[in-house]
There are 2 protein chains.
Amino acid sequence: MKNVTDYNFFEKKMYIYPCKLHVNDCMSREKEVTIYDLARKLNISIATVSRALADDPVVSKKTKKKIADLAQEMGYRSNNFARNLRTQKTNTLGVIIPRINSYFMSSVIAGMENVATSEGYTLIISQSSESVEKEKANATTLFNNRVDGLLVSLAYDTDSLAHFEPFTKKKIPLIFFDRTADHRDSTCVLINNLKAAYEATTHLISQGRRRIVHITATQKRNVYIDRLQGYKQALADQHIRFREDYVIVGNLSQEAGADAAARIRQMSPLPDAVFVANDNCAVGCMIALKQMGIRIPEDIAFVGFNNDPVSTVIEPNLTTINYPGYEMGQVAARNLIAQLGGASGTRSTNTIILRSELVIRESSASRKPTS
Amino acid sequence: MKNVTDYNFFEKKMYIYPCKLHVNDCMSREKEVTIYDLARKLNISIATVSRALADDPVVSKKTKKKIADLAQEMGYRSNNFARNLRTQKTNTLGVIIPRINSYFMSSVIAGMENVATSEGYTLIISQSSESVEKEKANATTLFNNRVDGLLVSLAYDTDSLAHFEPFTKKKIPLIFFDRTADHRDSTCVLINNLKAAYEATTHLISQGRRRIVHITATQKRNVYIDRLQGYKQALADQHIRFREDYVIVGNLSQEAGADAAARIRQMSPLPDAVFVANDNCAVGCMIALKQMGIRIPEDIAFVGFNNDPVSTVIEPNLTTINYPGYEMGQVAARNLIAQLGGASGTRSTNTIILRSELVIRESSASRKPTS
DNA sequence: TTGTATGCGTTATCAG
DNA sequence: CTGATAACGCATACAA
C-alpha cells in the first residue's frame with residue numbers, strides 16, 4: 001500500500017508540470033511498446049506498421065521485414081484488448097461443463113485446448129458443478145466476457161435453456177457436446193447413445209443373461225434417456241420383458257454404485273447382469289457386490305460406459321463402451337471455430353455423431369465357455 | 001462418417017456464392033449498448049454513468065439507482081476490452097500444466113477455477129504435454145494475452161526458466177505449484193514431498209520390508225528429487241543400504257509401471273516392496289506383477305503417491321500419500337490474486353506447504369499379522 | 001504502396 | 001456531486 005500511495009502522490013504532483021505522463025510510467029511497469037513506437041522509430045505511419053504486422057499483402061516485403069525485425073528487437077507485443085475493442089472479436093471460446101475432474105471431461109477439455117490453441121483461440125473454462133444455478137451464472141459471466149462462441153455440456157438438472165438465450169439472440173454460436181439438448185440452430189456433438197446402449201445390452205443377453213438391471217441418472221439428460229431407450233429396445237428385440245424396478249436412478253457416483261449394489265442384493269431372484277451408464281458407478285457397484293460375496297461375472301455380469309481407465313484396473317476388467325473424449329473435444333472446438341470463420345453453411349450442421357464401440361472384457365463373460 | 005462427408009460437401013458448395021458477407025454486419029449482431037446510450041437516455045454524462053456502474057461512492061444513490069435500472073432494462077453489459085485497454089489490467093490468470101487429464105491435475109484446475117471465478121478472474125488453461133517446447137510456446141501466448149498472473153506446474157524436462165523471464169521482468173506474479181522450481185521472488189505451493197516419501201518408505205520398513213524398490217521419474221523435477229531423497233533418508237535412518245539399481249526411472253505412466261514390473265521380476269532376490277512416485281504407475285506395475293503370479297502384498301508390498309481414485313479400485317487397495325489437489329489449486333489461485341491485489345507483503349511468501357498424509361491400505365500389509 | 005483520420009467503450013483527470 | 005475530455009492501442013475507410 002505504501003507504494004501505491006507514494007505513486008499517487010507522485011503522479012498528482014507530476015500534473016503540475018506540463019510534461020504529462022500516463023498511467024504506466026516511472027518504473028512501475030516498463031512501458032509497453034506500441035505500433036506508435038515502431039512507426040516513430042522507422043519514420044513511417046502506424047497504418048503501415050499495423051498492416052505489416054497483420055501480414056497484409058499490400059505492404060512491401062521490404063518494409064514488412066524492417067518492421068518485423070524492429071518489433072522483435074523492441075519486444076513489441078500486440079495488445080489484444082485494443083484489437084478486440086476495434087474488431088469486436090475476442091478470439092475466446094467459453095466452455096461450460098458439469099465438472100472437470102473426470103477422466104472423460106478432462107480428455108474433452110484437452111482436445112478442445114489442443115485445437116483452440118492451434119487456431120489462435122483461447123479457452124475460458126467454467127464448471128457448473130451439476131447445478132443449473134451455477135450454469136446460469138457461468139453463462140452470464142461468459143456472456144459478459146464476450147466469448148465468440150460457447151461449448152456446453154449440460155448439468156444434471158438443467159431443464160430450461162433460457163440462460164443461453166442471450167447468446168442465440170446475439171447470434172453467438174453455441175455447441176452442445178455429450179450432454180446435449182435440442183435447441184434450434186445450435187450444433188450437437190455426441191455419440192449414438194441409444195445404439196451403444198443397445199449393443200451393450202444385447203451383448204449381455206447374448207452371454208445368456210436375462211435379468212438385467214440398468215443403473216443410470218436423471219432422465220433429463222439425453223445421454224441417460226437414450227441409454228435407457230437402447231436398453232429397453234434391446235430387451236424388447238430379444239423378447240425380454242422390461243421391468244421398471246430394474247432401473248436404478250442415481251447420480252452415477254461410485255457411492256451411488258455401492259447404494260445400487262445394496263438394492264440389487266435385495267432383489268429376488270438376483271439379477272444376473274447390470275448395465276451401468278458410467279464406469280465409475282459400475283466400479284463402485286462391483287466392489288460393493290464383491291464384498292457381499294457375489295461373484296462377477298459368474299453371478300452378475302457387468303457392462304459400463306466410457307472406457308475410463310479404471311475399467312482395466314477393476315477385477316474383473318470391465319466391459320464398456322469406448323467413447324472418444326479427446327476427439328469429441330477436438331471436433332466440437334473445430335466445428336465452433338468453423339462457424340466463427342463465417343462458414344455460414346456450417347450452421348446447418350445440426351448433429352455430429354462420433355463413433356463409439358463396445359469393448360468386451362471379462363466382466364461380461366458368459367458362465368459357460370460359450371460366448 | 002456419412003454425416004461428416006455430407007457436411008464437408010455442403011460447406012464447399014456454400015463457398016461458390018459470391019455474396020461475401022463481413023463477419024459482423026447487417027443484422028448479424030444487434031448493436032451493443034454502451035454507457036453513451038445510457039447517458040443519452042438519462043441526459044447525463046458518461047462520466048457519471050461510468051462512476052455509477054463502478055459503484056463509486058461519489059455518485060448519489062438516486063442517480064445510481066436510475067442508471068442501474070436502465071442498464072438492466074437496456075441489457076447493457078460492460079466491455080472488458082475497453083476497460084482492460086484503459087486500466088491495463090486483464091483480470092485473467094494464465095495456467096500452464098503438463099496435462100489436464102489426470103485426476104490430480106483436473107482437481108487442481110477445479111480448485112483454481114473455483115476461486116478465480118468467485119474473485120472475478122478468468123482462467124486461461126494451456127497444456128505443455130510434458131514438453132519444454134510447448135511450455136515455452138504457452139508462456140509466450142499467455143504473455144501476449146497479457147495475463148495478470150501465471151500459475152505453472154513444470155513439464156518433465158524443463159531445465160531452464162528463461163521463458164518466464166518476460167513475466168518477471170514485467171513484474172507479473174508467477175506461482176509454481178506441485179512441480180515447482182527455485183526462482184527468486186516467485187511463490188511455490190506444494191507438499192513436503194521429502195517427508196511424505198520418508199513416511200511412505202518408513203511405513204514399508206515397519207512392515208518388515210527391506211528390499212524396497214523406488215519407481216520415479218526424471219530427476220529434474222523437485223517432486224521426484226524430493227521423493228527419492230525421502231526414500232533414501234528413510235533407508236539410511238533404518239540402516240538399510242541404498243542400492244542404485246533399486247531406483248527405476250520412467251515416465252510414471254501405467255505402461256512404465258508394467259515395464260518396471262518386468263525389471264523387478266528379474267531381480268534376485270526379488271524385492272519385497274515398491275514405493276512408486278505416482279498411483280497410476282503403481283497400479284500398472286501391480287497388475288503386471290499379479291499377472292506374473294507375484295502376490296501383493298505377500299511377496300511385494302506397494303505404496304503409491306497421490307491418492308488417485310484408482311487406488312481404491314486396484315486389488316489389493318493401494319496404500320498411498322493423500323495430497324489435496326483441489327485445495328492446492330485454491331491456495332495457489334488465492335495467493336496469486338492476493339499478490340495482484342497489491343498486498344505487497346504477500347510477495348515475500350516464498351513457499352506454501354500443504355498437508356499430506358499416508359493412507360494405509362492393504363497393499364502394504366505385513367506378511368505376518370503383526371503390523 | 002503508404003499515410004491521415006477516426007472510432008471502438010472505458011476510466012480518470014481536472015474543472016465546475 | 002457532475003460534466004467535459006483526453007487517453008488506452010489498434011484497424012480500417014478513404015486519400016494520396
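Per chain, numbering begins at 1; letters A, B, ... match sequence-line order. If you're wondering where the values come from, they're calculated on a predicted model, not measured in any experiment.
- Each of B/R51 and B/I35 was assigned the nucleotide of DNA chain C with the nearest heavy atom; the assignment lying further toward the 5' end belongs to B/I35.
- Summarising the geometry, the separation between CG on A/L85 and C1' on D/dC10 is reported as 8 Å, rounded to the nearest angstrom.
- Atom CZ in A/R83 sits roughly 18 Å away from atom P in D/dC8 (whole-Å rounding).
- Separating the CZ atom of B/F81 from the C1' atom of C/dG9 is a distance of 12 Å, rounded to the nearest angstrom.
- Between D/dT2 and B/T63, a contact under 4.0 Å exists linking OP1 or OP2 to a side-chain N or O.
- For A/I46, the side-chain atoms get nearest to C/dA5 when compared with the rest of C/dA5, D/dG9, C/dG3.
- For B/Q88, taking side-chain heavy atoms from C-beta onward, the closest of the listed nucleotides C/dT1, D/dC8, C/dG3 is D/dC8.
- Checking B/V58 against A/Y76, the closest nucleotide of DNA chain D that is more toward the 5' end is the one next to B/V58.
- Atom pair A/N79:CG and C/dG9:C1' shows a separation of 14 Å (rounding to whole Å applied).
- The side-chain heavy atoms of A/Y121 and A/L340, taken from C-beta on, include a pair separated by under 4.5 Å.
- The distance from atom OH of B/Y36 to atom C1' of D/dG3 is 12 Å, rounded to the nearest whole Å.
- Judged by atom type and distance alone, A/R77 does not reach the base of D/dG9 through any side-chain donor-acceptor pair under 3.5 Å.
- The interatomic distance linking A/N80 (CG) with D/dC10 (C1') rounds to 11 Å, in whole Å.
- For the residue pair B/T63 / B/S60, a side-chain donor-acceptor distance below 3.5 Å is found, with atom types taken as modelled.
- Computed from coordinates, the B/I44 CD1 to D/dA4 C1' distance equals 14 Å when rounded to whole Å.
- When rounded to the nearest whole Å, the span between CG of A/D56 and P of D/dA13 equals 11 Å.
- Of the candidate nucleotides D/dC8, C/dG3, D/dG3, C/dG3 has the atom lying nearest to any side-chain atom of A/S45.
- There is a side-chain donor-acceptor pair under 3.5 Å between A/D148 and A/T90.
- Side-chain contact between B/I96 and B/L151: absent, with no pair of heavy atoms (C-beta onward) separated by less than 4.5 Å.
- Within the structure, a side-chain polar atom (N or O) of A/S60 is placed less than 4.0 Å from OP1 or OP2 of C/dT2.
- Note on ring orientation: taking the six-membered ring where Trp is involved, the planes of A/F81 and B/F81 are parallel (angle under 30°, cut-offs 30° and 60°).
- Each of B/A82 and B/A47 was matched to the nucleotide of DNA chain D holding its nearest heavy atom; the match closer to the 5' end belongs to B/A47.
- Heavy atoms of B/S50 sit under 4.0 angstrom from at least one base atom.
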